[in-house]
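Notes for the one structure printed next.
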Amino acid sequence: MSTHRLFVALRPPREIREILLAAMHGIAGARWQSDDQLHLTLRFIGDVDRHKAEDVAAALGPLYAPAVTARVAGVGLFERQGRPHMVWAGVEPHAPLAALHRKVDQLLARVGVAAETRAFTPHITLARLNRGSGPVAPFLALNSDLSSPAFDFGHVTLYESELGHGGSRYHPVARYPLDGENSATSAAATASTSSQVAAKPSSLP
């Protein structure tokens, strides 16, 4: 049976992505993200079979939360085994994004997705680095005050990640509105999406 690599994320609007794209330079050998790859991950799920993918899409249907007003705030660095691994743009405020992360976690737990164990740091990945990448300190210093106007995250999206030679491609599977309305609308939309998933066993739509 085919598998689907899933994650749950927030997609910033075009004008915010343009600000991020303009800052993406200055590290030799970095693998900069494309416009289509820019997102804030709420929850990485990983590889699941088609039946579990349907369960995940349905589980997120009752998601009930208001839209989150946020802004880009500075940049940061993640390391792996003591080496620079990723540079990212921070997103604030932390509290409503962390609350949304917990709600997603709780809904996914109902269909057997293990709870996230890593600390949640709201961020948008800008570039992935390897041993051959140049120094990152100049980039971090130059963009320490990177910022954006306030903007709204109006919906949560379930994505499928497709690995390829040019990097990952992300395909939206289902969207869940963050508008404070009751969850019936989301549940109905998710049921429709789940039917589409079932009709396409080789890949999610």
**OP:** Please confirm whether F7 and F44 have ring centers closer than 6.0 angstrom.
**Re:** no
**OP:** Nearest 0.5 Å please: distance from the CD atom of Q106 over to the NZ atom of K103.
**Re:** 8.5 Å
Original post:
Going from OG1 on T69 to CZ on F151, what distance comes out if it is rounded to the nearest 0.5 angstrom?
Top reply: 9.5 Å
Original post:
Going by atom types only, do H4 and E160 share a side-chain donor-acceptor pair under 3.5 Å?
Top reply: yes
Subject >> same_hphob_cluster(V91, L77) at 4.5 Å side-chain heavy-atom cutoff >> reply: yes
Original post:
Hey, mind stepping through E116 and R118 against salt bridge (Lys or Arg N to Asp or Glu O under 4.0 Å) and telling me if it holds?
Top reply: CA-CA 6 Å; E116 180 68 80; R118 296 175 298 179; 3.4 Å; yes
Original post:
Side chains of K52 and V113: closer than 4.5 Å at any heavy-atom pair?
Top reply: yes
Original post:
What's the spacing between I124 CD1 and I19 CD1 if we round to 0.5 Å?
Top reply: 10.5 Å
Original post:
Taking side chain as C-beta onward, heavy atoms only, is V75 less than 4.5 Å from V87?
Top reply: no
Original post:
Which of parallel (below 30°), tilted (30 to 60°) and perpendicular (above 60°) describes W32 and F139?
Top reply: tilted
**OP:** Measure the spacing between CG of L126 and CG of L21 and express it to the nearest 0.5 Å.
**Re:** 9.0 Å
Subject >> Pairwise side-chain contact, Y64 with L178, heavy-atom cut-off 4.5 Å (strictly under) >> reply: no
**OP:** Considering non-hydrogen atoms only, spot the tightest contact between A89 and L146 and give its length.
**Re:** CB-CD2, 4.3 Å
Original post:
Where do P149 and I16 come nearest, in terms of heavy atoms and distance?
Top reply: O-CD1, 4.0 Å
**OP:** Using atom types as modelled and distance alone, determine if a side-chain donor or acceptor of Y176 lies under 3.5 Å from a backbone N or O of A57.
**Re:** yes
Original post:
Would you say H123's side chain and T121's backbone share a donor-acceptor pair under 3.5 angstrom?
Top reply: yes
Subject >> R43 versus A115, closest heavy-atom pair with distance >> reply: NH2-C, 3.4 Å
Original post:
Between Y170 and H39, is the gap from one ring center to the other below 6.0 Å?
Top reply: yes
**OP:** Measure the spacing between CG of L63 and NE2 of H155 and express it to the nearest 0.5 Å.
**Re:** 12.0 Å
Original post:
Between L142 and D145, what is the shortest heavy-atom contact and its length?
Top reply: O-OD1, 3.9 Å
Subject >> For P12 against R17, the heavy-atom pair lying closest together >> reply: O-NH1, 2.9 Å
Original post:
Do L10 and T157 come within less than 4.5 Å of each other through their side chains, counting heavy atoms only?
Top reply: no
Subject >> Minimum heavy-atom distance L100-A65, with the two atoms named >> reply: CD1-CB, 4.0 Å
**OP:** Please check if the side chain of D152 supplies one atom and the backbone of G154 the other of a donor-acceptor pair under 3.5 Å.
**Re:** no
Subject >> S168 side-chain N/O to S161 backbone N/O, donor-acceptor pair under 3.5 Å >> reply: no
**OP:** Answer whether the closest heavy-atom distance between the side chains of V48 and T3 falls below 4.5 Å.
**Re:** no
Original post:
Ignoring hydrogens and geometry, is there a side-chain-to-backbone donor-acceptor pair from R11 to L38 under 3.5 Å?
Top reply: yes
**OP:** Kindly compute the distance separating CG (L42) from NE2 (H101), expressed to the nearest 0.5 Å.
**Re:** 8.0 Å
Subject >> Side-chain heavy atoms of I45 within contact of L158, under 4.5 Å >> reply: yes
Original post:
Can you list the steps and then say if E79 with H85 is a side-chain hydrogen bond (donor to acceptor under 3.5 Å, both in side chains)?
Top reply: CA-CA 5 Å; E79 295 185 333; H85 171 63; over 6 Å; no
**OP:** May I ask you to decide if V72's main-chain N or O and S148's side chain share a donor-acceptor pair within less than 3.5 Å?
**Re:** yes
**OP:** Answer yes or no: is there a side-chain heavy-atom contact under 4.5 Å between P66 and D179?
**Re:** no
Original post:
Hey, what else clusters with M86 if you join Ile, Leu, Val, Met, Phe, Trp, Tyr whenever side-chain heavy atoms sit under 4.5 Å?
Top reply: F78, W88
